[in-house]
Amino acid sequence: MIHPLIEVNREVLEALQDNKPVVALESTIISHGMPWPKNAATALAVEAMIRNNGAIPATIALFNGKCHVGLTPNQIEYFGKAADVWKVSLRDMPYVLSKKLYGGTTVAATMRIAAMAGIKIFATGGIGGVHRGAATTMDISADLTEMGQTSVAVISAGVKSILDIGLTLEYLETKGIPVVTIGQDEFPCFYSAKSGYTTPLRLDTPAEIASLLHAKWSLGLEGSVLIANPVPAELGIGTEQMEEHIQPALAAAAEQNIKGKEVTPFLLQYIAAHTAGESLKTNIDLILNNAKAAAAIAVAFADNHP
Ligand code: PSU
Ligand code: MN
């Protein structure tokens, strides 16, 4: 019995009932992660990529007082275009639901809703993490605490270097979250397949990843697995080149006294605006790449159910 505040569309519900592969998708990436109209076009292309690779997409968002699992193309467009969409992490969910507002869900909120609907695999671009300077700001994304307790695997392109990657990896270890990189020994940092950090774990195939997920959850080890999918080398942007944009972005955020939930969208928008089309193109390509990997993992996960 799914919670009455969760509305799962028919296609996703039928897929879940038949134990078919389903991939959850977030909506903050649409409302606050990329500019219109590429945000909506990307969200629709991501859904198509998941279908073409044998799974059913379930984009998650809040409206009309419900958590919706599975959106129509028109609804996805609304989240891309409208200015009145909230960025909803866990702490914002009760307010946005009870006020019947529009909410784009972050990784944390999407994971929780996916888990309540029975979805185990979730694809995104990059997760939130421990921000640079967190020792004094205490800015640690609720994505990480949620990953510590909710059993949904997250496929991302690693962790964006706007964050402190080393501290984020430490925090993931503290929370007991396996961090697996697909096909290489180095942990990727979103725009680049290289970060300078060795990945805690490496697996090369969807079947191996599915097997790790079954092993973890069948033991009762609740919580996420972070599956880092490196951006293909020909699409990546070098870490030094990105750092040249991250430094002024961080300085502008400090100058304008940007705090709390505004920090991540501010940095993402600043960097997108100052790298012209290049970072946005890479961003879109790597999300599609993650959607493809997530579909393959969802297929393997449904296939090898012990
Ligand atoms: N990182 C990205 N792109 C994004 C986000 C993070 O590279 O779109 C979004 C995701 O929705 C993530 C959220 O869950 O930002 C994290 O926000 P915060 O740092 O405020 O927890
Ligand atoms: Mn934060």
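Counting starts at 1 for both ligands and their atoms, in listed order.
- Here salt bridge (Lys or Arg N to Asp or Glu O under 4.0 Å) pairs that include residues 275-294, with residues two or more places apart or in two chains, are Lys281-Asp285.
- Distances under 2.8 Å from the Mn ion (ligand 2) pick out the protein N/O/S atoms Asp139 OD1.
- Under 3.5 Å, the side chains of Thr105 and Glu26 contain no donor-acceptor pair of N or O atoms.
- Using modelled atom types and a 3.5 Å distance limit, the side chains of Tyr78 and Asp84 yield a donor-acceptor pair.
- Using a cut-off of 4.0 Å between Lys/Arg side-chain N and Asp/Glu carboxylate O, Glu170 and Lys175 are scored as not salt-bridged.
- Partners of Ser161 according to the side chain to side chain donor-acceptor pair (under 3.5 Å) rule, which considers only residues two or more places apart in sequence or in another chain, do not exist here.
- Taking the charged nitrogens against the carboxylate oxygens, Asp164 and Arg132 have no contact shorter than 4.0 Å, which rules out a salt bridge.
- Aromatic ring orientation, Phe79 versus Phe63: tilted (interplanar angle from 30° to 60°).
- With 3.5 Å as the limit, one finds a donor-acceptor pair spanning the side chains of Thr205 and Glu208.
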For ligand 1, output the ligand-protein N/O contacts shorter than 3.5 angstrom; if there are none, return none.
unit_1: ligand 1; atom_1: 1 (N); unit_2: Gly126; atom_2: O; d: 3.3
unit_1: ligand 1; atom_1: 7 (O); unit_2: Lys160; atom_2: NZ; d: 2.8
unit_1: ligand 1; atom_1: 11 (O); unit_2: Glu26; atom_2: OE1; d: 2.6
unit_1: ligand 1; atom_1: 11 (O); unit_2: Glu26; atom_2: OE2; d: 3.4
unit_1: ligand 1; atom_1: 14 (O); unit_2: Val107; atom_2: N; d: 2.8
unit_1: ligand 1; atom_1: 14 (O); unit_2: Asp143; atom_2: OD1; d: 3.3
unit_1: ligand 1; atom_1: 14 (O); unit_2: Asp143; atom_2: OD2; d: 2.7
unit_1: ligand 1; atom_1: 17 (O); unit_2: Lys87; atom_2: NZ; d: 3.2
unit_1: ligand 1; atom_1: 19 (O); unit_2: Thr264; atom_2: OG1; d: 2.6
unit_1: ligand 1; atom_1: 20 (O); unit_2: Lys87; atom_2: NZ; d: 2.6
unit_1: ligand 1; atom_1: 21 (O); unit_2: Ser141; atom_2: OG; d: 2.6

(message) Using salt bridge (charged side-chain N to carboxylate O under 4.0 Å, His left out), reason through Arg51 and Glu11 one step at a time and then give a plain yes or no.
(response) CA-CA 12 Å; Arg51 284 183 202 285; Glu11 186 191 25; 2.6 Å; yes
